[in-house]
Amino acid sequence: MREYSPAFLRGVDYSGAMIIGVLSTLLPHLLIPQEWGMSAAMIVAMALAMGSAFLISLWLSPFGAFEIAMPGTVLSMMLGMFPMRGSESVVSVVLIGLSAGFLVQLLFHIYDLRLHGEVARNDG
Amino acid sequence: MTAKADIAKWDKAAKTFDKTSAVGVERRYGKVKQGLFAKAKGKILLVAAGTGKDFAYLPPGQDVVAVDFSRKMLEFAREKISGYDGKLSLCQGDVQQLCMADGVFDTIVTSCTFCSVPDPVKGLRELRRVLKPGGQLLMFEHVRAGNPLIGFMMDVMTPLARIVGPDLNRKTWHNIKLAGFEITREYNVYLDVVKIYEARPAS
């Protein structure tokens, strides 16, 4: 089996999250009509975002199971709750998705650095 | 006893297992698993051997029994036996009801196993039964996150994940203790979700 460097795999993690971020903002922006009520838009946006997260995680699963799926699910839930269907340009929607994807993956990365390693429990 | 539906699920997964589900885990954590399994010694039981991808991580020259409840998985595992430098035999069986006698094994190794065993405490109790009193249990497992938000997300995703594979929200630390083991080492590999546990029978 081909082995990849940790830096390459980290790059895949960030790229995966950024793709999920873009799809989670762009798809609702393009597909949900502005006339829809907020609740219906939120439900459909979350479905689109979580579906995208699932498919991208599946596509990238040969590079890892949890490292893309977990940030991706949080990201899609978060972005799906606030669908952008106003007068934003496609470029700004894509940039927001990219930034959100990078930021959420960065937070997971930092959280992982904090948790990684030996666990000392004091509850027996 | 494990439901026929569970066996059918893993039988179905066997054909593509080495090319899909297993690849990511091996690429990320192959070396971590190798480091853990290097501690295995004496008579070894490898639980849920699957397609035998973990044979490569076992230390050479040992006496290994690899068990799995999926006949299809074991067919793929059979092809990998010759790659192991030691004695390795396969056995079809359910970890919740092992056919081995009490206190036979020096080491028991699991890898992403107790996310799928229907009754994990029952399975772990069986492992305690077949392990020698001074034996060791080495586990590489994924579990429910301790973080409430991530843990909730894993609870929500589990019914979907269960259709094609494992549960995502197992509280394995508690299950190990409930089964009568003492955890001697716990190591976070990714967040507090992918973990190593080392345990021995509690006195």
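Chain naming here is simple, since letters A, B, ... match the order of the sequence lines and numbering starts at 1 in each.
- Among A/Pro6, A/Gly64, A/Ala69, the residue making the largest number of heavy-atom pairs under 4.5 Å with chain B is A/Gly64.
- The cationic group of B/Arg27 does not satisfy the cation-pi geometry with A/Tyr4, failing either the under 6.0 Å distance to the six-membered ring centre or the 45° limit from the ring axis.
- B/Tyr187 and A/His116 have perpendicular rings, their planes meeting at more than 60° on a 0 to 90° scale where under 30° would count as parallel.
- Annotation: side chain of B/Leu191 is in contact with side chain of A/Met70 (closest heavy-atom distance under 4.5 Å).
- Under a cut-off of 6.0 angstrom, the local environment of CZ in A/Arg114 is sparse, with at most 12 non-hydrogen atoms contributed by other residues, nucleotides or ligands.
- Contact check for A/Glu118 versus B/Glu186: no side-chain heavy atoms found under the 4.5 Å cut-off.
- Residue-environment remark: NZ (B/Lys72) stays at or below the threshold of 12 foreign heavy atoms within 6.0 Å.
- Residue B/Leu160: no heavy atom, backbone or side chain, is found under 4.5 Å from chain A.
- Within the structure, salt bridge (Lys or Arg N to Asp or Glu O under 4.0 Å) contacts touching residues 60-78 of chain A (residues at least two apart or in different chains) are A/Glu67-B/Arg28.
- Within residues 73-84 of chain B, no residue has a heavy atom under 4.5 Å from a heavy atom of chain A.
- Your options are B/Val156, B/Leu149, B/Asp192, and the one with the most heavy-atom pairs under 4.5 Å with chain A is B/Asp192.
- Within the 4.5 Å cutoff, the side chain of B/Ile150 has heavy atoms near those of the A/Phe108 side chain.
- Using a 4.5 Å heavy-atom threshold, the side chains of A/Phe66 and B/Leu168 count as touching.
- The number of heavy-atom neighbours closer than 6.0 Å to CZ of A/Phe8, taken from other residues, nucleotides and ligands shown, is above 12.
- Across every non-hydrogen atom of B/Asn147 and A/Tyr111, the tightest pair is CB-OH, 3.3 Å.
- In terms of non-hydrogen atom pairs under 4.5 Å with chain B, the most contact-rich of A/Leu113, A/Asp112, A/Leu58 is A/Asp112.
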